[in-house]
Amino acid sequence: SVEGLAYDGTLLWQLGDALLYATNPSDGALVRTIPNAATGCDYGGTGLTAYPPGQLTLACRDGTWYRVSAADGAVLAQGDNNLDMYGLKRVPPTFIAATWSDDRVHFLDHNLIDQASLPAGAAEPNGIATDGALIYTGHFTSQEVVGHNYNGEEKLRWSASLAGLQGMDLVNNDLAIYLSGSPSVIKFFKTSNGALLRTIPGPGSTEGLAFDGRVLWTLDDPNLLGLDPANGNILRQLPNPVTNCSYGGTGLAYLKTGHLVIGCTNGRWYKISLVNGAVVASGSNGLDIYGLKATPFQEAPSFLPFVNKNY
């Protein structure tokens with residue numbers, strides 16, 4: 001009797017009454033089993049999702065949920081949301097952030113609250129970008145770019161001349177990387193192999209890049225500069241509201257709602273209007289943000305339960 005299925009990118013998990021079964025999705029062969037933490041629930045649980053990376057979340061129809069290790073089934077967290085859940089699936093994060101203290105990529109919800117994380121693949125991730133399929137991190141000392149999928153599986157890694165890497169984003173499928181130096185430049189690379197495509201001038205001190213579909217925004221002190229990505233010409237300027245943060249902020253993300261979000265090394269973040277730079281929201285998540293991006297899955301919840309109501 002199986003009450004839920006979840007695919008983690010490699011294995012297809014089945015929620016049984018006493019055990020969770022990890023199977024090969026190509027032929028159904030059993031790979032391993034772990035204990036079912038929800039055996040006390042009706043049917044042994046009624047919802048399953050493979051999230052966060054390396055973990056599984058189980059749901060019950062009385063609202064109880066359990067987050068367990070996919071390695072041994074150990075319960076890592078649990079709670080109750082009072083929903084009669086008959087299915088559970090995770091929704092990709094709204095934001096992703098790169099952090100230096102743990103060299104990880106953190107998944108953030110629409111309020112920039114930390115939900116989960118995975119290893120960045122190298123030390124000092126100082127820029128981050130995503131196309132929805134892969135997460136790209138740029139690393140300050142090793143001068144390399146690492147690409148993972150959202151399950152944490154490394155899909156690419158390449159090195160280039162990236163001294164002074166201090167921000168990155170995707171611009172029309174090319175990876176734009178700001179490099180601080182004499183002179184400072186923004187280089188555009190092919191994402192798959194790091195082939196250099198072109199170079200434009202960059203501002204003197206930039207700590208983040210964000211592309212809004214037309215303008216390439218740079219996080220500078222005291223202003224945010226909107227550049228023409230074709231030639232580096234300055235098209236717009238907005239006041240930087242985080243000049244009191246270290247380096248004038250260290251992460252920049254574009255939101256489709258017409259806003260930019262700036263992150264700081266002390267976990268503070270600020271959402272500003274693209275019209276006039278006015279701060280419309282702010283908060284703190286306690287992360288030392290050294291790169292910030294909104295994902296294509298903006299304004300989505302972390303989990304999506306199916307609720308069955310009987311009237």
Side-chain angles (χ1 to χ4, degrees), residues 8-10 50-55 70 90 92-108 112 114-181 185-199 202 206-211 216 219 247 250-254 263 265 287-297:
D8 67 6
T10 303
Y51 185 78
Q55 301 174 30
R90 66 104 171 179
T94 303
F95 295 92
I96 49 175
T99 53
W100 272 33
S101 61
D102 55 6
D103 298 324
R104 297 182 73 84
V105 173
H106 289 258
F107 294 169
L108 313 179
L112 283 93
D114 190 18
Q115 300 292 304
S117 67
L118 53 85
E124 298 173 341
N126 212 36
I128 195 166
T130 183
D131 57 12
L134 295 183
I135 299 168
Y136 305 91
T137 51
H139 298 268
F140 187 76
T141 299
S142 60
Q143 297 186 39
E144 61 186 330
V145 169
V146 182
H148 291 88
N149 64 20
Y150 278 74
N151 291 314
E153 300 167 318
E154 184 175 320
K155 295 299 183 180
L156 62 85
R157 181 184 294 258
W158 48 262
S159 299
S161 178
L162 300 175
L165 187 155
Q166 291 183 186
M168 54 195 283
D169 200 5
L170 288 167
V171 176
N172 300 325
N173 298 317
D174 301 331
L175 189 61
I177 300 180
Y178 174 85
L179 304 174
S180 176
V185 296
I186 299 172
K187 292 186 176 182
F188 295 78
F189 297 89
K190 189 173 182 179
T191 55
S192 60
N193 58 16
L196 179 61
L197 301 173
R198 59 191 181 90
T199 303
T206 290
E207 293 290 339
L209 295 180
F211 183 56
L216 180 59
L219 177 56
Y247 312 112
T250 44
L252 185 63
Y254 165 69
T265 60
L287 297 174
D288 57 327
I289 301 170
Y290 278 84
L292 181 68
K293 285 294 172 289
T295 71
F297 324 106

Are any of the side-chain heavy atoms of [X] and [Y] separated by less than 4.5 Å?
X: F107; Y: F95; result: no
X: D169; Y: K293; result: yes
X: P119; Y: D103; result: no
X: T130; Y: P296; result: yes
X: T191; Y: D174; result: no
X: L156; Y: V146; result: no
X: M168; Y: L175; result: yes
X: T295; Y: I96; result: yes

- Query: Mind checking whether Y290 and W100 have parallel, tilted or perpendicular rings, split at 30° and 60°?
  - Reply: parallel
- Kindly say whether F140 contributes a backbone atom to a donor-acceptor pair with the side chain of E124 at under 3.5 angstrom? no
- Are the side chain of R104 and the backbone N or O of A120 linked by a donor-acceptor pair below 3.5 Å? no
- Query: Could you give the distance from OG (S142) to CG (L162), rounded to the nearest 0.5 Å?
  - Reply: 8.5 Å
- Item | Distance (rounded to the nearest 0.5 Å) between L165 CG and K187 NZ | 11.0 Å
- Task: I would like to know whether I186 and L209 meet side chain to side chain contact (heavy atoms under 4.5 Å, CB included); could you show each step before the answer?
- Result: CA-CA 10 Å; I186 299 172; L209 295 180; 4.2 Å; yes
Taking atom types as modelled, find out whether [X] and [Y] have a side-chain donor-acceptor pair closer than 3.5 angstrom.
X: S159; Y: Q143; answer: no
X: D288; Y: S101; answer: yes
X: T10; Y: E153; answer: yes

Please name the pair of heavy atoms, one in [X] and one in [Y], separated by the smallest distance, quoted to 0.1 Å.
X: Q166; Y: T206; result: NE2-O, 2.8 Å
X: N151; Y: G9; result: ND2-CA, 3.5 Å
X: L118; Y: Y150; result: CD2-O, 4.1 Å
X: N149; Y: K155; result: ND2-CE, 3.5 Å
X: I128; Y: A98; result: CD1-N, 4.1 Å
X: L292; Y: A253; result: O-CB, 3.7 Å

- Run the numbers on T137 and H139 for side chain to side chain donor-acceptor pair (under 3.5 Å), then give the verdict. CA-CA 6 Å; T137 51; H139 298 268; 2.9 Å; yes
- Message: Within a 6.0 Å radius of atom CG on N173, are there more than 12 heavy atoms belonging to other residues, nucleotides or ligands?
- Response: no
- Query: Should we say atom CZ of F188 is surrounded by more than 12 heavy atoms from elsewhere, each under 6.0 Å from it?
  - Reply: yes
Taking only residues two or more places apart in sequence or in another chain, which ones pass side chain to side chain contact (heavy atoms under 4.5 Å, CB included) with [X]?
X: D114; result: H106, L108, L287
X: N172; result: F211
X: S192; result: K190

- Task: Output, in order, the C-alpha distance, side-chain angles, deciding distance and verdict of side chain to side chain donor-acceptor pair (under 3.5 Å) for Y136 and D131.
- Result: CA-CA 9 Å; Y136 305 91; D131 57 12; 3.1 Å; yes
